[in-house]
Amino acid sequence: MEPLAENLIADHLPAVRPADTGQQVLNLMDVCRVTQLPVVKEKEYLGMITDKLIDDLNLAGERMEAHTLPLHTPHVHAGQHLFEVAAVMYKLNLEVIAVVDDEHNYLGAILLKDISARLARLFSVTEPGGVIILRTTWNNYSSSQISQIIEGNDTRILSLFVSRSEKSDLIDVTIKLDKVDLSAVIQTFTRYNYEIAAVYMDDSMLDDMYEDRLEQFLKYLNM
């Protein structure tokens, strides 16, 4: 299944209807463990309601349709790629985003936690193996040479992504490999004068690294 917005829609996430009261919306948010939900009138996407807005405007006992609410309308289109969806959600600090079709009809919504899980699968986070982070420049970056060095040591790349520094021409190349013992690969990179910024071969260290690198990747998507 392609990682498109229409394939990432959360089946269990309800939409808020104009006739719902603020308290009903808060109850839905509590059940779904979110602080944002889309407001939909028939097929029309009206915007995103938040628990903060309900509290600020004292709407617990009021129907949504009784007020002209200052709703923002963040959304993505059905055919947008996972990376584009992730970039929008990261930029706007959203945990839920609406998906619309070409006629702007509401199709459903995507949860940030599902985006994170899909990215984790793409980056082979749960696969056994170690991680090397190389530091180089755009001019010296060669994915083909990096692949040759790794494969020359009977090792395979499970995932690779590049994150740029905002203040220099330096880039970090984060590579997930299919082996935990990376000593031979490290020696070869050193022989080729690559700067090794970090090595992770212990599972206890990998979780923190993945969280940091995922945030860097999302920042990269927004550049």
Side-chain angles (χ1 to χ4, degrees), residues 1-123 161 163-164 166 211-223:
M1 184 181 295
E2 289 187 83
L4 303 179
E6 61 187 348
N7 297 325
L8 301 170
I9 292 173
D11 295 333
H12 64 282
L13 194 69
V16 174
R17 304 299 172 180
D20 291 340
T21 66
Q23 188 58 56
Q24 287 176 313
V25 177
L26 292 175
N27 292 342
L28 286 175
M29 290 179 179
D30 187 52
V31 170
C32 298
R33 297 183 180 181
V34 295
T35 61
Q36 305 161 337
L37 281 175
V39 182
V40 178
K41 182 179 181 180
E42 296 180 356
K43 292 184 178 182
E44 182 185 1
Y45 170 53
L46 302 179
M48 198 69 66
I49 187 75
T50 67
D51 58 351
K52 185 177 185 302
L53 186 61
I54 292 172
D55 289 338
D56 288 349
L57 298 182
N58 195 25
L59 300 177
E62 304 288 334
R63 296 181 184 274
M64 297 295 102
E65 61 191 359
H67 299 270
T68 303
L69 299 175
L71 298 180
H72 296 294
T73 57
H75 64 275
V76 293
H77 288 272
Q80 286 187 258
H81 190 271
L82 166 67
F83 287 176
E84 294 177 287
V85 178
V88 173
M89 296 187 77
Y90 181 80
K91 183 177 182 179
L92 300 179
N93 193 28
L94 299 172
E95 59 182 357
V96 177
I97 193 165
V99 182
V100 300
D101 63 16
D102 292 339
E103 283 72 45
H104 215 76
N105 295 315
Y106 178 77
L107 299 177
I110 298 171
L111 289 165
L112 179 60
K113 66 178 183 179
D114 292 339
I115 291 291
S116 298
R118 192 63 179 266
L119 287 172
R121 289 198 295 274
L122 284 178
F123 296 148
F161 69 89
S163 53
R164 294 187 290 183
E166 297 179 6
E211 184 175 349
D212 177 66
R213 292 291 144 172
L214 180 58
E215 183 170 350
Q216 288 192 32
F217 176 73
L218 293 173
K219 285 182 179 178
Y220 170 71
L221 290 177
N222 277 296
M223 287 184 175

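The structure presented is a predicted model; accordingly, all values stated were derived computationally and were not measured.
Residues that satisfy the side chain to side chain donor-acceptor pair (under 3.5 Å) test with Asn58, not counting sequence neighbours, are absent from this structure. Residues passing the ring-ring contact (aromatic ring centres under 6.0 Å, His included) test with His67: none are found, sequence neighbours excluded. Taking Asn105 as the reference, Asp101 meet the side chain to side chain donor-acceptor pair (under 3.5 Å) condition, with sequence neighbours excluded. The salt bridge (Lys or Arg N to Asp or Glu O under 4.0 Å) check on Asp102 picks up nothing, with sequence neighbours excluded. Checked against side chain to side chain donor-acceptor pair (under 3.5 Å), Gln23 has the following partners two or more places apart in sequence or in another chain: Asn27. For His72, there are no ring-ring contact (aromatic ring centres under 6.0 Å, His included) partners at least two apart in sequence or on another chain.
Across Ile115 and Ala86, no two heavy atoms sit closer than the pair CG2-CB, 3.8 Å. Across all their heavy atoms, Leu107 and Ala78 have their closest contact at CD1-CB, 3.7 Å.
The CE atom of Met89 lies 5.0 Å from the CG atom of Leu112; values are rounded to the nearest 0.5 Å. Remark: Leu92 CG to Ile97 CD1 distance equals 6.5 Å, nearest 0.5 Å.
Pairs of residues two or more places apart, or lying in two chains, that qualify as salt bridge (charged side-chain N to carboxylate O under 4.0 Å, His left out) and include a residue from residues 45-70 are Lys52-Asp56. For residues 94-118, the set of pairs meeting the ring-ring contact (aromatic ring centres under 6.0 Å, His included) definition, not counting sequence neighbours, comprises His75-His104. Counting only residues at least two apart or in different chains, ring-ring contact (aromatic ring centres under 6.0 Å, His included) contacts with residues 19-64 are absent.
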Report the C-alpha separation of Ile49 and Leu71 in whole Å, then their side-chain angles, then the decisive distance to 0.1 Å, and conclude whether the side-chain contact (heavy atoms from CB on, under 4.5 Å) test is met. CA-CA 6 Å; Ile49 187 75; Leu71 298 180; 3.8 Å; yes
For residues 29-44, please give each side-chain donor-acceptor pair under 3.5 Å, one per line with the distance, not counting sequence neighbours.
from  : atom 1 : to    : atom 2 : distance (Å)
Thr35 : OG1    : Glu95 : OE2    : 2.4
Gln36 : OE1    : Glu95 : N      : 2.9
Gln36 : OE1    : Val96 : N      : 3.3

Please list, one pair per line, the donor and acceptor atoms closer than 3.5 Å that link side chains of residues 1-20 to other protein atoms, with sequence neighbours excluded.
from  : atom 1 : to    : atom 2 : distance (Å)
Asn7  : ND2    : Glu2  : O      : 2.8
Asp20 : OD2    : Arg17 : N      : 2.9

